[in-house]
Amino acid sequence: MNPQQTQVFEQYHGDLEQVERKIAGEIDPGYRAMFVAGAVFILLLSLVLPHAGHTRGLDILLSDPTASADHIGLPSRVFQWDVLIFGIGFSSLALLTRRWTLAWIAVAGTAVGSVFGVLSIWHRQTPGIGNYHGAGPGIGLILATLAIVFLTFHWIKVVWSRTALQLEAEERRRTAAAAQEEHDRRWLLGEDK
């Protein structure tokens, strides 16, 4: 590369780095976007289906007296908030904006939600204080748990996949850094004249 080409490249170096950072901050869910959107829809549907007994997911979120009557415990309450915030909220935002950070938040939140979903099902099947036997897990709870586990799996695949454009930008950055390092080494040793 002659000095004039180097100067032209250096002039656009900042712009190239800015574009590379923007590309690195984006995701491309590809065909998985349909699976994620479907899982979000199922989570929305689970809010109106029976969670346990006569209690729906919305009743739990709104602290309805029906939830108290059906002895809805802490795991179910945490799970429903997790479904709303991470399963529906952050997943929808990540799909719409294609931001890598939002997708990571969705991954972390849905992973925690998966654990609380399983705990909620287990809690509904375990006798309570005084050997109380309440209603078992409803279809809404089971569907929500399966959907959030499915969502976690697909978000992990989306977040860890790299687009061809991102890989190419990383390769160009490595090549430019190696060339600059070689140039600096030659200059220090007096070989570059």
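Counting begins at 1 with the first residue of the sequence.
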Visitor: Do Thr101 and Trp104 come within less than 4.5 Å of each other through their side chains, counting heavy atoms only?
Guide: no
Visitor: Of all the heavy-atom pairs spanning Trp100 and Val159, show the shortest one and how long it is.
Guide: NE1-O, 3.5 Å
Visitor: Using the rule that Ile, Leu, Val, Met, Phe, Trp and Tyr join whenever any side-chain heavy atoms are under 4.5 Å apart, tell me whether Val118 and Leu74 fall into a single cluster.
Guide: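 Cluster IDs for Val118 and Leu74 differ.
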Visitor: Scan for salt bridge (charged side-chain N to carboxylate O under 4.0 Å, His left out) pairs involving residues 46-63, sequence neighbours excluded, and state none if there are none.
Guide: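 For residues 46-63, and leaving out neighbouring residues, the salt bridge (charged side-chain N to carboxylate O under 4.0 Å, His left out) pairs sorted by first residue read Arg56-Asp59.
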Visitor: Taking all heavy atoms of Thr110 and all of Ser91, pick out the closest pair and write down the distance.
Guide: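 Looking at all heavy atoms of both residues, the shortest contact is CG2-OG, 4.4 Å.
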Visitor: With sequence neighbours excluded, give me every salt bridge (charged side-chain N to carboxylate O under 4.0 Å, His left out) pair touching residues 73-94.
Guide: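 Sorted pair list comes back empty.
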Visitor: Ignoring hydrogens and angles, tell me if any N or O in the side chain of Thr66 forms a donor-acceptor pair with the backbone of Thr55 under 3.5 Å.
Guide: no
Visitor: Quick one: ring-ring contact (aromatic ring centres under 6.0 Å, His included) partners of Phe153, sequence neighbours excluded?
Guide: none
Visitor: What's the spacing between Leu189 CG and Arg185 CZ if we round to 0.5 Å?
Guide: 5.5 Å
Visitor: May I ask you to test the His183-Arg186 pair for a side-chain heavy-atom distance under 4.5 Å?
Guide: no
Visitor: Apply the hydrophobic cluster definition, ILVMFWY joined by side-chain contacts under 4.5 Å directly or through others, and give me every member besides Ile60.
Guide: Ile72
Visitor: Just how far is it from atom CD of Glu181 to atom CZ of Arg174, taken to the nearest 0.5 Å?
Guide: 14.0 Å
Visitor: Phe90 and Phe150: same hydrophobic cluster, using ILVMFWY side-chain contacts below 4.5 Å?
Guide: no
Visitor: Quick one, Val115 and Phe79 - any side-chain contact, counting heavy atoms below 4.5 Å?
Guide: no
Visitor: Taking all atoms of both residues into account, what is the closest heavy-atom pair of Val107 and Trp155, and its distance?
Guide: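 Smallest interatomic distance, heavy atoms only, reads CG2-CB, 3.3 Å.
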Visitor: Please list, one pair per line, the donor and acceptor atoms closer than 3.5 Å that link side chains of residues 30-51 to other protein atoms, with sequence neighbours excluded.
Guide:
residue: Arg32; atom: NH1; partner: His154; partner atom: ND1; Å: 2.7
residue: Ser46; atom: OG; partner: Leu43; partner atom: O; Å: 2.7
residue: His51; atom: ND1; partner: Gln80; partner atom: NE2; Å: 3.4
residue: His51; atom: NE2; partner: Ser76; partner atom: OG; Å: 3.2

Visitor: Under the side chain to side chain donor-acceptor pair (under 3.5 Å) criterion, do Ser114 and Thr152 qualify, and how do the steps go?
Guide: CA-CA 8 Å; Ser114 298; Thr152 302; 3.2 Å; yes
Visitor: Do Trp81 and Val78 pass the side-chain contact (heavy atoms from CB on, under 4.5 Å) test, and can you show the C-alpha distance, the side-chain angles, and the key distance before you say yes or no?
Guide: CA-CA 5 Å; Trp81 280 105; Val78 171; over 6 Å; no
Visitor: Would you say Ile85 ends up clustered with Leu96 if hydrophobic residues are merged whenever their side chains have heavy atoms under 4.5 Å apart, either directly or through other cluster members?
Guide: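 Hydrophobic grouping puts Leu96 apart from Ile85.
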Visitor: Quick one: pull up CG in Leu93 and CD1 in Ile88 and give me the separation to the nearest 0.5 Å.
Guide: 12.0 Å
Visitor: Applying side chain to side chain contact (heavy atoms under 4.5 Å, CB included), can you list everything that pairs with Ile121, at least two apart in sequence or on another chain?
Guide: Gln125, Pro137, Leu141, Ile142, Thr145
